[in-house]
*Asks:* 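Quick one: this structure, given as structure tokens, is what I'll be asking you about.
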Amino acid sequence: MKKAILCCNGLDKPVGKIARKVALKLSQLESSEIICLVLFSQFPNRYHKEDYEAVVVIDGCPAKCATKIATNQLGISKRFLISELLKEHKLQHPLSIQSEETDDSIVESLLPFFEKEEHKQERKNETGWDAKAFIYQILKHDKYQFRIPEQKDMFFTENDTWCFINNDIARIGVTDYVQQSLSDILFFNTPEIGKKIVQFDEVGSIESSKAVFEVISPVSGTVIRYNAELVDHPEWINENPYEKGWIAEMQLTNFEEDRMFLINTEEYYKFLQKKVAQHE
Amino acid sequence: MSNEKIYILPCSGIGKVYGLLSREVAYKVVLDLEPQYTDTICLASLLLEEIKEQVVGKSVICVDGCPKCCAEKSSLEAGMVVEKKYLTSHFVRKYRGEDPGSGSELTETGKKVVDDIAKAIQIEVQRILQERGEL
Amino acid sequence: MEERPKIGVISCSGEKCTGGSVARMITRKMLDTWRPHDVVTICLPLFIAGGTEERSFAKDFPTITIDGCKKKCAYRITEKLSGKVNASVDLSTVLGDELCESTINQEPFSEELVIKTKKEVLQIFDRIRAEANFRELKQSGQYKGCGCVEEN
Amino acid sequence: METFMGVPRDKIDWCPTIDYKKCNFCMECYDFCPHDVFTKTDEIKLIVKNPHHCVVFCRACSKTCNEDALSFPEKPEVIEKIKAIRKELE
């Protein structure tokens with residue numbers, strides 16, 4: 001399984017030129033394949049998520065064309081935005097599209113931010129959320145049964161949402177309590193990719209004939225991916241809201257502070273027990 | 001040419017409107033639209049040996065009310081050939097915001113949903129009959 | 001409303017014959033009007049297609065099965081896959097075999113058929129309900145054996 | 001004592017506000033809310049009786065209102081306030 005780099009076409013802006021040069025350099029260093037964005041957008045079905053161990057996307061400017069085009073088809077594992085990196089680390093900006101002299105030094109100054117990510121890449125794979133089967137605690141109340149996963153790195157909120165942390169990416173979704181109180185979920189209104197989310201903001205919403213539930217995000221971050229299968233199969237959330245019914249994946253931005261409002265399996269079990277008893 | 005009937009198998013959903021929808025769809029097809037070519041059968045009876053012998057290998061169209069898909073799973077277990085499978089909640093989506101009814105009775109919207117699914121099944125039945133050269 | 005276990009009512013799938021429709025409508029009536037807060041139900045096929053949690057139904061609740069014809073699928077399948085059935089109603093003994101097994105268009109389903117069975121079904125239900133209450137009082141130690149109940 | 005994320009619920013300002021100029025008393029929100037936040041009274045047909053029953057950050061009732069008569073506080077402000085109280089308690 002190889003790694004892939006998808007970078008923006010970047011012809012009209014200096015940062016785009018830098019993005020392409022960084023991609024070329026990285027692909028030599030790590031012998032990973034470069035995917036041409038224009039070819040990809042013309043023939044998407046040539047590229048499959050399963051073919052690649054990791055897909056790194058490099059955008060030049062905030063338009064983020066590469067992210068927008070690649071998102072669901074390839075499943076991004078890491079995203080970079082050259083303009084942001086240059087600003088964040090106060091690096092020298094490229095002068096113009098024509099001038100080449102400063103390009104190499106700028107690329108060199110950017111490389112460490114990419115390599116650092118590479119080691120994290122390895123650690124991620126063994127703890128991937130798809131890797132292991134879930135173990136559940138079952139809370140029984142009357143004829144209802146609420147599954148609560150007992151998973152390391154999985155946390156809950158008192159808005160009945162969960163997040164599964166995997167390095168700096170969190171997968172989020174709703175708990176059994178939500179899908180049972182909504183009963184048959186008919187619509188999944190997708191969140192917007194690339195949107196910056198503060199903890200407790202909405203990340204899309206799910207709808208049944210009974211109600212609309214705004215998915216309240218357990219963490220702050222940027223939405224990098226959502227479960228596109230749910231558009232046609234929203235009932236998967238009823239079937240299992242933790243595994244095939246997951247909602248979105250977010251690039252974490254403020255987890256240390258978010259952590260304060262997250263609770264673990266035992267705490268959520270007690271919280272739900274009290275909440276369900278009150279309904280009687 | 002075997003002119004055996006095609007089974008229309010609803011799920012016995014009792015708790016919510018989606019089971020009632022699937023049941024009414026089966027009756028609409030079997031009693032009104034295609035009485036000559038279709039029949040229905042009690043889902044739970046598929047588990048009884050004496051019934052299994054009658055239905056093994058026969059064609060069935062399943063109409064399920066929720067993701068558990070009991071109609072589909074049980075007919076597969078009874079050795080039937082599932083020609084097509086429908087999920088009533090998917091057809092309710094066309095009437096977003098409207099209430100199709102309860103486990104006991106359908107609203108006007110609910111009846112429209114039944115008609116939509118029944119017509120879709122009728123087309124499917126005719127396709128199967130053509131394939132068998134019976135139509 | 002103090003917390004006491006509800007009574008499980010399972011009707012047969014009953015797609016094929018009139019008796020089945022009556023069985024299902026009885027369960028719906030129990031849920032909606034006859035004994036609204038006392039009844040819990042489950043789709044019979046879930047014992048086959050569902051997971052292990054569904055199969056604990058008859059162990060969690062004292063259960064009554066209502067069958068629309070003498071094949072008695074609800075009774076047989078519940079006992080086989082879920083657990084002991086406290087009481088089983090066979091509508092063909094109440095409404096007669098011929099009616100129960102007639103297909104839906106020969107003998108269309110009607111409300112009166114349901115009303116006809118109401119008295120007998122509720123008698124059985126209330127008996128099971130009383131038994132369950134009595135068992136629960138004993139378990140909770142309130143019942144002193146002399147007929148009076150100690151208020152805790 | 002009712003708490004939300006470790007903070008006493010009565011210290012958190014989160015509940016629906018009814019705009020009576022828009023509200024047509026269709027009672028959709030009253031029928032919908034499982035935590036009986038709303039209630040009917042003789043004088044005014046619909047009022048918020050139990051604001052602290054309302055699940056913090058949940059706005060589902062406002063989605064059932066086609067007159068758009070239900071509004072909620074700004075989330076960022078409420079979050080800041082909760083964080084402040086939480087730090088005080090620690």
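Fair warning: this is a prediction, and the values are worked out from it, not measured in the lab. A note on names: the letters A, B, ... follow the listed sequences, proteins ahead of strands, and every chain is numbered from 1.
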*Asks:* For A/D59, enumerate each residue passing the salt bridge (charged side-chain N to carboxylate O under 4.0 Å, His left out) test, keeping only those at least two apart in sequence or located in another chain.
*Replies:*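 Applying salt bridge (charged side-chain N to carboxylate O under 4.0 Å, His left out) to A/D59 gives none.
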*Asks:* What orientation do D/F57 and A/F200 show, parallel under 30°, tilted 30 to 60°, or perpendicular over 60°?
*Replies:*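 It falls in the parallel class, under 30°.
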*Asks:* Using the ring centroid of each side chain, check whether A/F156 and A/Y268 are separated by less than 6.0 Å.
*Replies:*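 Yes: the rings meet the under 6.0 Å criterion.
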*Asks:* Is A/D201 close to chain D through its backbone or its side chain, or both, or neither, when contacts mean heavy atoms under 4.5 Å?
*Replies:*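 Contact with chain D is through both the backbone and side chain of A/D201.
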*Asks:* Are A/W236 and A/L230 side-chain neighbours, meaning at least one heavy-atom pair lies under 4.5 Å?
*Replies:*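 Yes - at least one pair of side-chain heavy atoms lies under 4.5 Å apart.
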*Asks:* By a 4.5 Å heavy-atom criterion (distance strictly below it), what part of A/E257 contacts chain D: side chain, backbone, both, or neither?
*Replies:* side chain
*Asks:* How about A/M250 and A/I197: do any of their side-chain heavy atoms sit closer than 4.5 Å?
*Replies:* yes
*Asks:* Establish, yes or no, whether a centroid distance under 6.0 Å links the rings of A/Y269 and A/F146.
*Replies:* no
*Asks:* Which residues, numbered in order, of residues 62-81 of chain D come under 4.5 angstrom of chain A by heavy-atom distance?
*Replies:*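 Listed by number: D/K63, D/K75, D/I79.
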*Asks:* Taking A/C61's backbone N and O only, do any of them form a donor-acceptor pair with A/S83's side chain (distance below 3.5 Å, no angle check)?
*Replies:* no
*Asks:* Under 4.0 Å between a side-chain nitrogen and a carboxylate oxygen: does that hold for A/K275 and A/E158?
*Replies:* no
*Asks:* Would you say the rings of A/Y136 and A/Y242 are close, in the sense that their centroids are separated by under 6.0 Å?
*Replies:*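 Ring-ring flag for A/Y242/A/Y136: true, centres closer than 6.0 Å.
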*Asks:* Looking only at heavy atoms, what is the nearest atom pair of A/A248 and A/V203, with distance?
*Replies:*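 Where A/A248 meets A/V203 most closely, the heavy atoms are CB-CG1, 3.8 Å.
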*Asks:* Heavy atom to heavy atom, less than 4.5 Å: which residues from residues 2-16 of chain D reach chain A?
*Replies:* D/E2, D/T3, D/F4, D/M5
*Asks:* Which pairs, with at least one residue in residues 41-51 of chain D and sequence neighbours excluded, count as a side chain to side chain donor-acceptor pair (under 3.5 Å)?
*Replies:*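 Qualifying pairs, neighbours excluded: D/D36-D/N50.
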*Asks:* Side chain, backbone, both or neither: which part of A/V212 has a heavy atom under 4.5 Å from chain D?
*Replies:*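 Contact with chain D: backbone and side chain both.
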